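Down below is the structure, laid out as structure tokens.
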Amino acid sequence: MIGCSKQNISYWSLHSCSTQAKKSVYNVIRKAAEVFGLDDKKAESLANSAGLSLHYEGGYIISVLGYNGKLKALCDKAILSERMLRRYKTETPTKQAVIALCIVLNKPIDEINLILNRYGYCLSDSIAADAVVKWHICHSPNRSNGDILIFEINEVIEKMGLPMLMTRQS
């Protein structure tokens with residue numbers, strides 16, 4: 001009825017960064033909100049529990065971040081390839097890439113949440129990797145040094161067997 005089968009869930013877990021999977025999850029969330037008569041706030045809460053947001057504006061990530069420096073330096077700090085950054089001019093960046101870029105630019109947690117919401121993501125308390133990121137951004141002694149903080153977060157996330165905050169290994 002709402003398009004959520006075991007096959008869909010299996011596909012979503014195997015292709016969590018896929019645009020097609022993300023659109024499929026959005027469709028299920030919207031359909032569920034319609035079927036169960038959820039208002040906008042409750043539908044957004046449902047999306048947030050999946051680590052997503054129903055509010056999507058898009059835009060080139062560099063302009064959204066307000067970054068005016070050299071792209072090569074930013075890519076090196078965020079452990080992001082320049083090719084991927086160019087790709088994000090036309091495509092939605094992954095949640096991990098947005099978080100990594102925000103961290104190396106020393107953005108505060110509330111601004112990170114606003115930027116993530118712009119791309120249809122959010123930092124959820126119910127997702128382990130998000131909880132690790134939030135804790136480190138708010139409590140780490142290295143929170144003012146994004147270069148070190150990203151490696152610190154990735155070390156913890158890697159030990160947990162979760163996807164790290166980068167699109168390429170250094």
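Remember, it's a predicted structure, so these values are computed and weren't measured experimentally. Note: hydrogens, waters and symmetry copies are ignored here, and every other heavy atom, side chains too, is used.
- Closest approach of Ile29 to Ala47, counting heavy atoms only: CD1-CA, 3.7 Å.
- Ile127 and Met160 fall into different hydrophobic clusters, where Ile, Leu, Val, Met, Phe, Trp and Tyr residues are linked whenever their side-chain heavy atoms come under 4.5 Å apart, directly or through other members.
- Val104 has its side chain out of reach of Ile79: every pair of non-hydrogen atoms, C-beta onward, lies at least 4.5 Å apart.
- Taken from CG in Leu162 to CD in Gln96, the straight-line distance is 10.0 Å, to the nearest 0.5 Å.
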Q: Take Ile61 and Tyr67 through the test side-chain contact (heavy atoms from CB on, under 4.5 Å) and record every step on the way to the result.
A: CA-CA 9 Å; Ile61 186 72; Tyr67 182 74; over 6 Å; no
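- Looking at Lys95, its side chain does come within 3.5 Å of a backbone N or O of Cys122 through a donor-acceptor pair.
- In this structure, Leu101 and Ala78 approach most closely via the heavy-atom pair CD2-CB, 3.8 Å.
- In this structure a side-chain-to-backbone donor-acceptor pair under 3.5 Å is missing from Tyr121 to Ile99.
- At least one side-chain heavy atom of Leu65 sits under 4.5 Å from a side-chain heavy atom of Cys102.
- Here the CE atom belonging to Met164 is positioned 9.5 Å from the CZ atom belonging to Phe151, to the nearest 0.5 angstrom.
- Leu116 and Tyr60 fall within the same hydrophobic cluster, where Ile, Leu, Val, Met, Phe, Trp and Tyr residues are linked whenever their side-chain heavy atoms come under 4.5 Å apart, directly or through other members.
- Contact check for Val98 versus Tyr88: no side-chain heavy atoms found under the 4.5 Å cut-off.
- A side chain to side chain contact (heavy atoms under 4.5 Å, CB included) with Leu38 is found for one member of Glu34, Lys41, Lys42 and no other, namely Lys42.
- Shown here for Cys75 and Leu85, the closest heavy-atom pair between the two residues is SG-CD2, 3.5 Å.
- To the nearest 0.5 Å, atom CG of residue Leu80 and atom OG1 of residue Thr94 are 8.0 Å apart.
- One distance of note links OG of Ser81 with CZ of Arg86; it measures 8.0 Å at 0.5 Å rounding.
- Connection of Leu114 to Ile109 is not established within any shared hydrophobic cluster, with ILVMFWY side chains joined at heavy-atom distances below 4.5 Å, either directly or through further cluster members.
- Listed by first then second residue, pairs satisfying salt bridge (Lys or Arg N to Asp or Glu O under 4.0 Å) with a partner in residues 99-110 read Lys107-Glu111, not counting sequence neighbours.
- Listed for the Ser49 side chain is a donor-acceptor partner under 3.5 Å among the backbone atoms of Leu46.
- A salt bridge links Glu155 to Lys159: one of the charged nitrogens lies within less than 4.0 Å of a carboxylate oxygen.
- Annotation: side chain of Leu74 is in contact with side chain of Leu105 (closest heavy-atom distance under 4.5 Å).
- The side-chain hydrogen bond (donor to acceptor under 3.5 Å, both in side chains) search around Arg87 returns Glu91, not counting sequence neighbours.
- Residues Asp130 and Lys134 are not paired through a salt bridge, judged by the lack of any N-O separation under 4.0 Å between the basic side chain and the carboxylate.
- No path of Ile, Leu, Val, Met, Phe, Trp and Tyr side chains, each step under 4.5 Å between heavy atoms, connects Leu149 with Trp135, placing them in separate hydrophobic clusters.
- Heavy atoms of other residues, nucleotides or ligands lying less than 6.0 angstrom from CG of Asp39 number more than 12.
- Considering all non-hydrogen atoms of both residues, Asn106 and Gly146 come closest at OD1-N, 2.9 Å.
- Here Ile103 contributes atom CD1 and Ile150 contributes atom CD1; the two are 5.5 Å apart, rounded to the nearest 0.5 Å.
- Taking CD from Glu152 and NE2 from His136, the interatomic distance works out to 4.5 Å, rounded to the nearest 0.5 Å.
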